[in-house]
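Below, read A as the first sequence line, B as the second, and so on, with proteins coming before strands; counting in each chain starts at 1.
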Amino acid sequence: MKALQAVRGMNDVLPQDAALWEFFEDSVRDWLRAYGYRNIRMPLVEPTALFVRSIGEATDIVEKEMYTFQDSLNNESLTLRPEGTASCVRAAIEHSLLHQGAQRLWYGGAMFRHERPQKGRYRQFHQIGVEAFGLPGPDIDAEHLIMTARLWRLLGLSGIRLELNSLADSAARAAHRQRLIAFFEQHRDQLDGDAQRRLHSNPLRILDSKNPHMQPLIEAAPQLNEHMDDAARAHFHGVCATLDRAGVAYSINPRLVRGLDYYNYTVFEWVTDALGAQGTVCAGGRYDGLFEQLGGKPAPGCGFAMGVERLVALLQVQASPASQHAAEAQQPDVYVLHQGDAAAMEAARAAEELRDAQLRVVLHCGGGSFKSQMKRADASGARFAVILGEEELVRKEVSVKPLRAQGVQTSVPLKEAIELIRG
RNA sequence: GUGGCGUUAGCUCAGUCGGUAGAGCAUUGGGUUGUGGUCCCAAGGGUCAUCGGUUCGAAUCCGAUACGCCACCCCA
C-alpha cells in the first residue's frame with residue numbers, strides 16, 4: 001500500500017524541534033502574564049464573510065490564499081482562518097467583552113493560507129496574536145512595541161529591527177488614495193501589471209512595490225503626511241516619544257504598508273536579515289474602524305501577531321543560551337533500569353516514588369540486556385541511573401550511578417537515593 | 001500563482017562512459033552471565049521520490065507528476 005504523506009506546506013514538528021517550540025511557548029506565556037494579557041481561544045473555522053469584510057476584498061489573502069469550502073450540510077461558506085484579529089474582534093463583539101472595560105487579550109494557534117511553500121512560509125503556520133481593545137491613545141501602541149522588545153531579550157534573540165509608520169486616519173487615507181489614483185493614472189504607461197491591477201483596488205500597495213523601474217515614479221507620488229491631521233500627527237508623535245523614552249530603537253519607514261485593509265494610524269514590522277526572504281517575524285498596528293466594520297459599536301483596537309515558525313527558526317540559527325538551557329531542562333533526572341521479573345515490578349513502584357519526590361523519571365520498558373539498558377539510560381540524557389537488580393532487591397536498596405558528573409556508584413535505600421539525586 | 005535548482009539507507013552524502021548500489025554517522029547484537037559515554041568486531045537496513053518513455057540493459061538519458069529548497073509575489 002502506498003504510504004500517505006502530509007499535505008503540502010503543512011508540517012510535522014518532530015520532538016527534537018518541538019522542544020524549542022515549547023521553550024518559545026513557555027517564554028511567551030510568562031511574558032504575556034507579566035503585562036496582564038489574558039488568553040482567548042477562537043475557532044479555526046469562521047464564516048467566509050468575516051475575513052472578506054475585515055481583511056478586505058482586494059487583498060491577496062482574500063483573493064487567492066484562503067481555504068474556503070462549502071459546508072453542504074447547511075449550505076454555508078466557511079473558511080479556515082488566515083489570521084486571528086478578525087476572529088478576536090468578532091468574539092469581543094459577540095460576547096460584549098468591552099462592557100467590562102478595555103481588554104488586553106492574546107491567542108495562539110494555527111492559521112491557514114494557500115501560498116507556495118518556502119522557508120518561513122507554510123500553508124499551515126502558527127501565530128501568537130496580541131490585541132488591545134478599547135484603548136485609543138498612543139500609550140497602548142507603545143506598550144506593544146516595548147513589550148515585544150522585551151520578548152526578544154527574554155528569548156535571547158538579537159538583530160531584530162523595528163520599522164514604524166503611520167497610515168493616518170481613514171479620511172486622510174481616502175484623500176491620499178484619490179490623489180494617488182489620479183497621479184498614477186497620469187503615468188499609467190509607467191505602471192507594471194501588478195500596479196495597474198491594484199490602481200483602483202489598493203493603490204497604497206503600489207508604494208510598496210520593489211520593481212526598480214517604478215521607484216522614480218513612487219518617489220514622486222503624493223505623500224500621505226500631506227493629508228495627516230493634527231490628531232494623527234500627535235498620536236504618532238506620542239508613540240515615537242514613548243519609545244524614545246523607553247530606549248526602544250526604531251526606524252520610520254514611510255513605505256511601510258500592511259497587507260490587510262483594516263489598519264489605520266500606527267503600523268509596524270519587526271524584521272530580521274537572518275531568515276532570507278521571509279524576514280518579518282512580527283507585525284501589526286492599529287485598527288480603529290474594525291469593530292464598526294464587523295457590526296459592533298465603534299471601538300479602538302490595536303495589536304500584532306508573531307510568526308512562530310519564523311521565530312523558532314531564528315532561535316535555531318542563533319542558538320541562544322536561554323533556549324539551550326531550556327532544552328537541557330527537558331531531560332529526565334533519572335532513568336530506572338532493572339533485571340529480573342521481581343525487580344521489574346519493584347522498579348515500576350520505585351519510579352512512582354521518585355516522581356512523588358518531584359523528579360522526572362523514565363522507567364526502562366521493553367526488556368533487553370543490562371548493557372543495552374545502560375545505553376538507553378545514557379541516551380535519555382538523564383543525570384542518574386537508578387539500578388534495581390536481584391542484589392538490590394535482597395538488600396532493599398537501589399544502586400545510584402551518576403551519568404553526567406564525576407562520582408561513584410553507590411547502593412542505598414530509595415529514600416536516601418532521592419536525597420542524593422535532588423542534591 | 002511564475003521562474004531556477006534538487007530528490008540515492010533513519011540522517012549527511014558518494015556513485016566515473018548507461019552494465020542491477022556504497023561510505024560516514026545512527027540503529028541492533030557481540031567483545032563483558034550486572035554497567036553507558038572511548039575502543040574493537042559483526043549484522044540489519046534500498047520500489048535509487050512516483051509513473052511513463054528511449055535502450056539489449058537506466059540511479060544515470062528524456063517527459064510528466066508529487067514533494068523540497070531558492071527567488072519573485074505576498075506575508076507572520
Requested in this report: Run the ring-centre check on A/F112 versus A/F125 and record whether the distance is less than 6.0 Å.
Outcome: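 Judged by ring-centre distance (under 6.0 Å), A/F112 and A/F125 do not meet the cut-off.
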
Query raised in the report: Is it true that atom CZ of A/R38 has more than 12 heavy atoms of other residues, nucleotides or ligands lying nearer than 6.0 Å?
Result: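 No, not enclosed.
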
**Report entry** Short side-chain N/O contact from A/R376 to OP1 or OP2 of B/U28, under 4.0 Å
**Finding:**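 Yes, such a contact exists.
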
Regarding [N], can its base be found pairing with the side chain of [X] as donor and acceptor, where the two atoms are less than 3.5 Å apart?
{"X": "A/K401", "N": "B/G36", "answer": "yes"}
{"X": "A/Q373", "N": "B/U35", "answer": "no"}
{"X": "A/E392", "N": "B/G34", "answer": "yes"}

Query raised in the report: Are any non-hydrogen side-chain atoms of A/L191 and A/F184 less than 4.5 angstrom apart?
Result: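 In short, these two side chains touch, coming nearer than 4.5 Å.
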
Query raised in the report: Paired with B/U7: which nucleotide, if any, by Watson-Crick or G-U wobble criteria at under 3.5 Å for both distances?
Result: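 Matched B/U7 with B/A66 under the 3.5 Å cut-off.
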
Requested in this report: Under a 3.5 Å limit for both distances, which nucleotide forms a Watson-Crick or G-U wobble pair with B/U12, could you say?
Outcome: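 Paired with B/U12, as far as the under-3.5 Å criterion goes, is B/A23.
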
Report task. May I ask you to decide if the ring planes of A/F183 and A/H187 are parallel, tilted or perpendicular, using 30° and 60° as cut-offs? Result ->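 Tilted.
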
Query - Whether A/Y37 and A/H144 hold their rings parallel, tilted or perpendicular, with breakpoints at 30° and 60° - result: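 Ring orientation, 0 to 90° scale: tilted.
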
Strictly under 3.5 Å: I want the nitrogen or oxygen pairs between protein and nucleotides 42-44 of chain B, one per line.
none

Requested in this report: Decide yes or no on side chain to side chain donor-acceptor pair (under 3.5 Å) for A/S411 and A/R395, but give the supporting numbers first.
Outcome: CA-CA 9 Å; A/S411 185; A/R395 291 199 303 269; 2.8 Å; yes

**Report entry** Reading 5' to 3' through nucleotides 71-76 of chain B, protein heavy-atom contacts under 4.0 Å coded B for base, S for sugar-phosphate only, - for none
**Finding:** BBBBBB

Requested in this report: Select from A/S369 and A/I387 the residue whose nearest nucleotide in RNA chain B is closer to the 5' end of that strand.
Outcome: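 Between the two, 5'-proximity favours A/S369.
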
Requested in this report: Assign A/G108 to base, sugar-phosphate, or nothing according to its heavy-atom contacts below 4.0 angstrom with the strands shown.
Outcome: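 No contact.
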
Report task. Assign A/K371 to base, sugar-phosphate, or nothing according to its heavy-atom contacts below 4.0 angstrom with the strands shown. Result ->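 The answer is base, as A/K371 lies within the cut-off (heavy atoms under 4.0 Å) of a base atom.
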
